Amino acid sequence: MPDHMDFFDQVYEVTKRIPPGRVTTYGAIASCLGSPQAARTVGWAMNVSHLQPGFVPAHRVVNRIGLLTGKHHFRHPGLMQELLESEGIIVIDDRVRDFAGLFWDPCKELI
DNA sequence: AGCCTGACCTAGG
DNA sequence: TCCTAGGCCAGGC
């Protein structure tokens, strides 16, 4: 990962690489970028991800137990779940089913 | 400039 | 096992 990119850019680069139908977590992204305690900042990056050029699949990022904590920040609540379900992911009570099986580890798969 | 907040997470008591 | 504090980066006031 080039070091001239700031943290947000790196977050977006990683997020764009999440395959459809898979999910990852805020913490995993932060950890992968060398700041294991910056999970919160990753959340903030997602919050303004719509300002980025290109499509940032923010709906594929959930919290560490597979909960859709960011759903209220989409155009309408429920959109996050709809996007996930359109990729074949089952969501029950705001939680990704088979989260462990669908988890995509950015560090492991990256570049 | 300083303080508060937030789509988080981990460690320690 | 629950609760707390601390760390991360930005933005709003």
Side-chain angles (χ1 to χ4, degrees):
Chain A
M1 189 68 69
D3 55 359
H4 65 275
M5 297 175 67
D6 68 20
F7 191 77
F8 275 34
D9 289 327
Q10 296 183 49
V11 169
Y12 298 135
E13 283 305 305
V14 172
T15 306
K16 287 177 183 172
R17 284 186 167 87
I18 305 172
R22 304 290 297 280
V23 292
T24 192
T25 71
Y26 304 97
I29 292 172
S31 165
C32 179
L33 296 178
S35 303
Q37 306 196 285
R40 225 178 162 180
T41 309
V42 174
W44 181 257
M46 291 300 111
N47 196 31
V48 291
S49 63
H50 59 284
L51 302 175
Q52 274 303 300
F55 175 59
V56 180
H59 60 283
R60 298 184 194 135
V61 185
V62 296
N63 84 344
R64 71 175 161 172
I65 58 169
L67 228 42
L68 276 55
T69 45
K71 60 181 288 192
H72 298 297
H73 297 269
F74 285 76
R75 283 204 311 278
H76 70 87
L79 177 58
M80 185 177 190
Q81 175 167 346
E82 289 169 18
L83 289 169
L84 289 171
E85 288 178 337
S86 74
E87 297 178 356
I89 294 176
I90 312 291
V91 178
I92 300 171
D93 287 336
D94 288 345
R95 177 132 182 232
V96 173
R97 191 164 71 97
D98 189 26
F99 171 63
L102 296 175
F103 178 69
W104 179 84
D105 184 348
C107 259
K108 207 169 169 182
E109 316 279 348
L110 200 56
I111 320 293

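Note that the structure is predicted; figures quoted are calculated from it, not measured. Every chain is numbered from 1 and lettered A, B, ... according to where its sequence line falls, protein lines coming before strand lines.
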**Study point:** Aromatic ring pairing A/Tyr12/A/Phe8, orientation class (parallel under 30°, perpendicular over 60°, tilted between)
**Key:**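 Answer is perpendicular, since the angle exceeds 60°.
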Kindly give the heavy-atom pair with the smallest separation between [X] and [Y], and that separation in Å.
{"X": "A/Ala28", "Y": "A/Thr24", "answer": "CB-OG1, 3.7 Å"}
{"X": "A/Phe103", "Y": "A/Arg22", "answer": "O-NH2, 2.9 Å"}
{"X": "A/Thr15", "Y": "A/Pro57", "answer": "O-CG, 3.3 Å"}

Study note, to complete from the structure: Expected string for nucleotides 8-13 of chain B under the B/S/- scheme (protein heavy atoms, under 4.0 Å, primed atoms plus P, OP1, OP2 as sugar-phosphate) is BSB---
Exercise for review: Both distances under 3.5 Å, Watson-Crick or G-U wobble: report the partner of B/dT5, or none.
Suggested key: C/dA10
Point to revise | Sub-4.5 Å side-chain heavy-atom contact between A/Ile65 and A/Phe99 | key: no
To the nearest angstrom, how far is [X] atom [atom1] from [N] atom [atom2]?
{"X": "A/Phe8", "N": "B/dG6", "atom1": "CZ", "atom2": "C1'", "answer": "11 Å"}
{"X": "A/Lys71", "N": "B/dG6", "atom1": "NZ", "atom2": "C1'", "answer": "18 Å"}
{"X": "A/Asp94", "N": "B/dA7", "atom1": "CG", "atom2": "P", "answer": "14 Å"}
{"X": "A/Leu79", "N": "B/dA7", "atom1": "CG", "atom2": "P", "answer": "17 Å"}
{"X": "A/Tyr12", "N": "C/dC9", "atom1": "OH", "atom2": "C1'", "answer": "11 Å"}
{"X": "A/Trp44", "N": "B/dG6", "atom1": "CH2", "atom2": "P", "answer": "10 Å"}

Review point. Expressed in whole Å, how much space separates the P atoms belonging to B/dC3 and C/dG6?
Key: 15 Å
Exercise for review: Indicate, with a heavy-atom threshold strictly under 4.0 Å, whether A/Ala45 touches base, sugar-phosphate, or nothing.
Suggested key: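 No contact.
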Review point. Between A/Arg60 (side chain) and A/Ile18 (backbone), is there a donor-acceptor pair under 3.5 Å?
Key: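 Yes.
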